[in-house]
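Everything numeric here is computed off the predicted structure, so don't read it as measured data. We use all heavy atoms of the structure for the numbers below, so side chains are in, but hydrogens, waters and symmetry mates are not.
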Amino acid sequence: MVSSDAVDLLKTELPLEQDSLLLSGDATTGLVLVDVVNGFCTVGAGNLAPRYPDQQISGMVNESVRFARVFSEKKWPMLAFLDSHHPDIPEHPYPPHCIAGTDESRLVPALQWLENEPNVTLRCKDCIDGFLGSVEKDGSNVFVDWVKNNQIKVILVLGICTDICVLDFVCSALSARNRGFLTPLEDVVVYSGGCATFDLPVHVASSIKGALAHPQELMHHIGLYMAKGRGAKVVSKVSFGMVKEA
């Protein structure tokens with residue numbers, strides 16, 4: 001267990017100022033949900049799922065559901081990445097997880113209604129980075145096409161893990177935007193309350209061969225800090241129009 005002093009020290013040395021975001025509908029905004037699947041979010045669902053109820057992960061799921069409902073009501077575009085791996089192709093350094101065709105690789109039950117939503121694009125990916133995982137055999141990219149076809153100017157990113165799949169996707173999206181590959185995309189926004197990561201304390205990691213300690217609160221903060229350092233906007237509050245908030 002990381003001491004509160006250590007967390008406070010990190011946040012003092014790496015301060016993260018978070019903004020707020022108002023979505024009025026003037027510019028097309030797309031919601032991106034990263035790996036809100038059973039294999040990462042549902043207790044006991046797999047090798048990389050939480051073993052016990054986890055407040056940060058549960059909060060991320062709840063926020064993902066809440067935002068998805070709002071975007072659905074407004075008929076705004078959504079894209080959900082689903083971690084999905086071939087059983088014979090490992091993803092080092094992680095143990096087998098989210099095998100294609102299993103419940104692990106499906107959205108959590110509270111989001112499975114998205115499978116039938118007309119304004120939702122589902123993308124199974126077999127790698128950490130959803131941007132790379134969107135590349136098709138013909139060289140096209142599902143995420144790039146989604147942005148262009150919907151003329152999206154802002155993407156709002158939620159999901160798991162803050163410092164792994166979310167961060168990698170955000171960094172790639174920012175690089176692609178900077179190179180002009182994602183016109184008309186202008187902003188990549190990460191909602192901190194809608195992201196989460198896993199907890200692997202040092203005393204547990206030390207008993208697992210090859211494992212690295214991964215204290216949840218520290219790594220969540222670092223993931224957000226790195227995303228902002230790469231050019232993303234990190235927000236702690238999102239408002240819809242003048243009345244509705246999430």
Side-chain angles (χ1 to χ4, degrees), residues 21 23 27-37 39-41 60 63-64 67-68 70-72 74-86 89 91 98 100 105-108 111-112 114-191 194-196 223-224 226-228 230-235 238:
L21 177 68
L23 297 177
T28 301
T29 300
L31 178 66
V32 177
L33 300 177
V34 179
D35 292 342
V36 192
V37 297
F40 294 145
C41 305
M60 175 274 300
E63 289 295 85
S64 295
F67 275 80
V70 175
F71 272 70
S72 177
K74 293 180 176 295
K75 296 180 170 54
W76 290 356
M78 291 183 273
L79 185 149
F81 288 118
L82 313 177
D83 206 53
S84 182
H85 298 277
H86 189 283
I89 304 177
E91 184 180 45
C98 298
S105 65
R106 288 193 70 190
L107 289 165
V108 296
L111 282 172
Q112 287 178 8
L114 290 177
E115 295 172 356
N116 300 311
E117 281 287 297
N119 60 320
V120 174
T121 297
L122 300 179
R123 176 63 182 181
C124 293
K125 65 180 183 67
D126 59 358
C127 60
I128 293 172
D129 185 342
F131 188 93
L132 293 179
S134 294
V135 177
E136 299 278 36
K137 290 182 179 180
D138 63 3
S140 63
N141 187 295
V142 171
F143 169 69
V144 173
D145 291 344
W146 176 74
V147 169
K148 291 180 177 292
N149 292 339
N150 289 287
Q151 288 293 289
I152 293 171
K153 292 189 175 182
V154 178
I155 59 170
L156 179 62
V157 184
L158 286 72
I160 191 169
C161 290
T162 318
D163 55 313
I164 305 174
C165 294
V166 171
L167 178 62
D168 279 21
F169 165 71
V170 165
C171 290
S172 291
L174 288 165
S175 293
R177 179 205 63 183
N178 292 346
R179 289 291 311 278
F181 299 152
L182 284 174
T183 305
L185 185 69
E186 296 175 358
D187 292 321
V188 176
V189 183
V190 180
Y191 170 46
C195 293
L224 296 172
M226 293 294 291
K228 185 167 185 177
R230 296 294 180 88
K233 294 183 177 180
V234 177
V235 302
V238 181

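For the pair Q151 (side chain) and T28 (backbone), a donor-acceptor distance under 3.5 Å is absent. At least one donor-acceptor pair under 3.5 Å links the side chain of D138 to the backbone N or O of S140. Between the side chain of T29 and the backbone N or O of I155, no donor-acceptor pair lies under 3.5 Å.
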* Starting from the C-alpha separation in whole Å, work towards a yes-or-no answer on side chain to side chain contact (heavy atoms under 4.5 Å, CB included) for F71 and L33. => CA-CA 12 Å; F71 272 70; L33 300 177; over 6 Å; no

* Checking side chain to side chain contact (heavy atoms under 4.5 Å, CB included) for the pair L167/T162: CA distance, chi angles, key distance, verdict? -> CA-CA 6 Å; L167 178 62; T162 318; over 6 Å; no

* To do: Decide yes or no on side chain to side chain contact (heavy atoms under 4.5 Å, CB included) for E186 and V154, but give the supporting numbers first.
  => CA-CA 6 Å; E186 296 175 358; V154 178; 5.6 Å; no

* To do: Apply the test side chain to side chain contact (heavy atoms under 4.5 Å, CB included) to residues L31 and W76: give CA-CA distance (whole Å), side-chain angles for both, the deciding distance (0.1 Å), then the verdict.
  => CA-CA 8 Å; L31 178 66; W76 290 356; over 6 Å; no

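The shortest distance between side-chain heavy atoms of V170 and M226 does not fall below 4.5 Å. Side chains of L122 and L107 form a contact here, defined as non-hydrogen atoms less than 4.5 Å apart. Between P77 and W146, some side-chain heavy-atom pair lies under the 4.5 Å cut-off. Here the side chains of M60 and I160 are in contact, with some heavy-atom distance below 4.5 Å. Residues N119 and M78 have side chains in contact (heavy-atom distance under 4.5 Å, counting atoms from C-beta outward). At least one side-chain heavy atom of V238 sits under 4.5 Å from a side-chain heavy atom of F67. Counting heavy atoms from C-beta on, the side chains of K125 and D83 come closer than 4.5 Å.
For R123, the CZ atom counts as densely surrounded, since its 6.0 Å shell holds more than 12 non-hydrogen atoms of other residues, nucleotides or ligands. Within 6.0 Å of NZ on K153 lie no more than 12 heavy atoms contributed by other residues, nucleotides or ligands. The local environment of NZ in K228 is crowded, with over 12 non-hydrogen atoms from other residues, nucleotides or ligands closer than 6.0 Å.
When each of V157, V34, V166 is paired with C195, the side-chain contact (heavy atoms from CB on, under 4.5 Å) condition holds for V166 and for no other. Checked against F169 for a side-chain contact (heavy atoms from CB on, under 4.5 Å), the options L174, I164, D129, L132 give a single hit: D129.
Nearest heavy-atom pair, S105 versus A100, reported as atom, atom and distance to 0.1 Å: OG-CA, 4.1 Å. Scanning all heavy atoms of the two residues, the minimum distance from G30 to I152 falls at N-CG2, 3.7 Å.
The salt bridge (Lys or Arg N to Asp or Glu O under 4.0 Å) check on E115 picks up R106, with sequence neighbours excluded.
Between F131 and F143, the angle of the ring planes goes over 60°, which puts this pair in the perpendicular group of the 30/60° scheme.
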